[in-house]
Amino acid sequence: MRVRSCVTEHIQEQNEEVVLNAQEAAEEIHRLEQQRRENREGVRALGFNPYGFRADGLKTLAQAHEAYDEGADNANKESTQAHKQAKRDNPDLPDADLPQIVDTRPVVRVAGRVVLSRDNGKLVWLNLRDHTNDSFQIAISKRDCDENGFALAKLLDNGDIVIAQGPLTKTKTGEVTCWASSLEPASKCLVPPPEKRLGLQDPDMRYRQRYVDMWSNPDTTRTLMLRSKLMSAMRRYLERHEFVEVETPVLQTQAGGAAARPFFTHMNALHLDLSLRIAPELYLKRLLVGGMPRVFEVSRNFRNEGLDKSHNPEFTSLEVYQAFGNYETMMDLTEGLIRELAQIAAGEQGISASAMPFGDLLIDYERAFDKVTYAELFEKVLGFSMGDMDKVRAACEARGFKTKSEDGTPIADIFLVNELFEEVAEPTIDPARPTFVLDYPASLSPLTRPKPGTEQDPVPLADRWDLFIGGMEIGPAYTELNDPDIQAQKFREQLSGVDDEESTFRSFDEDFVNALKVGMPPAGGLGLGMDRIVMLLGNQRTIRDVLPFPMMRPLGGVGNSSEESDAE
RNA sequence: GGGGGAGUAGCUCAACGGUAGAGCAACGGCCUUUUAAGCCGCAGGUUCAGGGUUCGAAUCCCUGCUCCCCUACCA
């Protein structure tokens, strides 16, 4: 009871606050909004509801444009001319005896947002926009449109949504136009819109008010719709390959499957501290143990790390696991998937998948992806074998890379090898050619099966590849480790090998090891960064441009953190 | 984390120590084939916020807020 009354009080306080804010806001209505409110009243005075009703039988603006019938339009124009000419020649004849006007022009009903308007007095031109067409012209003439519709046209503001109906014709400059017989309001835009040609430019405003960005910059909507189409095509592709989509927990008692700092939250009912998932991997593998042979999850992952043009704190990965597959199975699957998505994206944009623009690059998704092993690429670029530790250490020192940690202990050889690889070898991969880099050092891949026969090599390898496109890492795939003893040992190594700061977010998942004890079939596993794939195929430079609502710092300063960051 | 840049009318931008302007949008008027329509008229500002220097600050200095770029970190 006590809790309830507290809650009630709290809600009351909140409500009072809302009322106060609303009053303050009401006093501060901008003059431009006020004018729009007055126009809205004018629309009401005509007998319309400015917020409209259900409308059936609407065509998209693109469909309407398609429906234009040249023959019918010409027949109408010619017969109208003949009628007028005859009337001039025989002013006394009744209309019934004059040549009749033929009108078989298709009539369409369309809806859209007003992006331009030109008022010529007795003829008003509107250009409407929807998701299929940036600018479709409507003419509302005093002669041909119903009286209320014509009066409405005079009261419209840019940004309003309207429904127009009428026959399709071409103007004398050749533009397909709906010559309205009626016009109705569908919704009012009370907020003054951005500049009509340039759209909303300020990137901050574009992300914060995506709903304005989307209609004022149609490319934004196109990119977000491309994202949907690619996600849908990805599901179709995987289902065609007999994968089933599953959903695994986002709230986890220990976030695993990747090395990343998680977000934390608390569950009241069980008095549990929980973290949001950083990867779905360990749960998907449990499903393989249970007997699902081919699974995938479109996983929203949360990582409490920095933001930049390829990192958002929540992002979408595709993870795929195939029992009795390996990392080569995953390579074929991935290449096929990405090529198919590229073809779909290319089709949307009317270009070829063999030359898709990404910044200054033209990326070819049609030809077979390049393949190179980690060791080959290392040796080709560095000029010596990655097993030659003296040269590795010397090369690192020559380049000024750290070879000792803060307390003076030498950094493990394999991290030096990887430092050289990432800093020197990786950048030489041709960004215009999708490239698989195969066979990573085993110590860098704790959840991966060691490559048979390399255990005694200077650098033991693992069945792992990474795919690089456009200079970005798109995702890795593995032959999954299914030996519970090796897995347990890798967990232990990871825990002991990291400093205190990092150990807070690496954990030994005993239940996962138990699952492997029950027996997981050999399997291939794959993780793809879907946001980055949409960036590549939609030619967008930043991850923010492929997310409808990217993470933004709240306006107004201090933020809402109840305490100072505890993890710095 | 480090360095650089930006914030001015609803929007896009000028003005860089001396009366805050333009284009678009808006508002009033004219106009039945316009295409960023046109013509005439009229209005619109806490120059991000707060402090300082100065006779005088959008402009120079300091602090804060927000964004952008580079860099660093990052399975």
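Hydrogens, waters and symmetry mates are skipped; everything else that's a heavy atom, side chains included, is used. Here is how names work: the chains are called A, B, and so on, in the same order as the sequence lines, proteins then strands, and each is numbered from 1. Since the model is a prediction, treat every value here as computed from it, not as a measurement.
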Distance check needed: [N] [atom2] versus [X] [atom1], whole Å only.
{"X": "A/Lys142", "N": "B/U33", "atom1": "NZ", "atom2": "P", "answer": "15 Å"}
{"X": "A/Asp119", "N": "B/G29", "atom1": "CG", "atom2": "P", "answer": "11 Å"}
{"X": "A/Gln81", "N": "B/U33", "atom1": "CD", "atom2": "C1'", "answer": "13 Å"}
{"X": "A/Leu32", "N": "B/C11", "atom1": "CG", "atom2": "P", "answer": "10 Å"}
{"X": "A/Asn158", "N": "B/C27", "atom1": "CG", "atom2": "C1'", "answer": "14 Å"}
{"X": "A/Arg208", "N": "B/C11", "atom1": "CZ", "atom2": "P", "answer": "14 Å"}
{"X": "A/Leu444", "N": "B/C74", "atom1": "CG", "atom2": "P", "answer": "13 Å"}
{"X": "A/Lys154", "N": "B/C30", "atom1": "NZ", "atom2": "C1'", "answer": "10 Å"}

Contact class for [X] vs. all strands (heavy atom < 4.0 Å): base, sugar-phosphate, or nothing?
{"X": "A/Asp308", "answer": "base"}
{"X": "A/Lys170", "answer": "nothing"}
{"X": "A/Arg143", "answer": "base"}
{"X": "A/Glu473", "answer": "nothing"}
{"X": "A/Asn39", "answer": "sugar-phosphate"}
{"X": "A/Tyr440", "answer": "nothing"}

Could you please name the option among [options] that lies closest to any side-chain atom of [X]?
{"X": "A/Arg553", "options": "B/U12, B/C68, B/C67", "result": "B/C67"}
{"X": "A/Glu305", "options": "B/C74, B/G10, B/C11", "result": "B/C74"}
{"X": "A/Gln201", "options": "B/U33, B/U12, B/A75", "result": "B/U12"}
{"X": "A/Arg197", "options": "B/C67, B/A36, B/A75", "result": "B/A36"}
{"X": "A/Thr177", "options": "B/U32, B/A36, B/U34", "result": "B/U34"}
{"X": "A/Lys196", "options": "B/C67, B/U33, B/A25", "result": "B/A25"}
{"X": "A/His311", "options": "B/C74, B/A37, B/U33", "result": "B/C74"}
{"X": "A/Pro194", "options": "B/C11, B/C68, B/U33", "result": "B/C11"}
{"X": "A/Arg541", "options": "B/C69, B/U12, B/A36", "result": "B/C69"}
{"X": "A/Lys172", "options": "B/C70, B/U33, B/G10", "result": "B/U33"}

Can you tell me how far [atom1] in [N] sits from the matching atom in [M], rounded to whole Å?
{"N": "B/C13", "M": "B/G7", "atom1": "P", "answer": "10 Å"}
{"N": "B/U47", "M": "B/A37", "atom1": "C1'", "answer": "33 Å"}
{"N": "B/U59", "M": "B/C40", "atom1": "P", "answer": "36 Å"}

Should A/Trp465 and A/Asp439 be marked as a side chain to side chain donor-acceptor pair (under 3.5 Å) after you check the CA-CA gap, both sets of side-chain angles, and the distance that decides it?
CA-CA 6 Å; A/Trp465 55 252; A/Asp439 300 341; over 6 Å; no

Check step by step if side-chain contact (heavy atoms from CB on, under 4.5 Å) holds for A/Asp73 and A/Leu168.
CA-CA 8 Å; A/Asp73 191 24; A/Leu168 294 169; over 6 Å; no

Looking at [N], which nucleotide sits across from it as a Watson-Crick or G-U wobble partner, both distances under 3.5 angstrom, or is there none?
{"N": "B/U66", "answer": "B/A6"}
{"N": "B/G56", "answer": "none"}
{"N": "B/C27", "answer": "B/G41"}

Is there side-chain contact between [X] and [Y], with heavy atoms separated by less than 4.5 Å?
{"X": "A/Asn127", "Y": "A/Glu175", "answer": "yes"}
{"X": "A/Tyr374", "Y": "A/Leu444", "answer": "yes"}
{"X": "A/Leu536", "Y": "A/Ile474", "answer": "yes"}

Between A/Leu116 and A/Met205, just flag the one whose closest nucleotide in RNA chain B comes earlier from the 5' side.
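Its nearest nucleotide lies further toward 5', so the answer is A/Met205.
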
Relative to the 5' end of RNA chain B, which residue comes earlier, A/Met552 or A/Leu307, by the nucleotide with the nearest heavy atom?
A/Met552

Charged N to carboxylate O below 4.0 Å: is that the case for A/Arg37 and A/Glu33?
yes

Ionic contact status for A/Glu314 with A/Arg300, cut-off 4.0 Å
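So A/Arg300 pairs with A/Glu314 through a salt bridge.
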
Ignoring hydrogens and angles, answer whether the base of [N] and the side-chain atoms of [X] contain a donor-acceptor pair closer than 3.5 Å.
{"X": "A/Arg118", "N": "B/A37", "result": "no"}
{"X": "A/Glu175", "N": "B/U34", "result": "no"}
{"X": "A/Asp157", "N": "B/A25", "result": "no"}

Are A/Phe421 and A/Phe378, when compared by the centres of their aromatic rings, separated by less than 6.0 Å?
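No, the ring of A/Phe421 stays outside the 6.0 Å limit from the ring of A/Phe378, centre to centre.
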
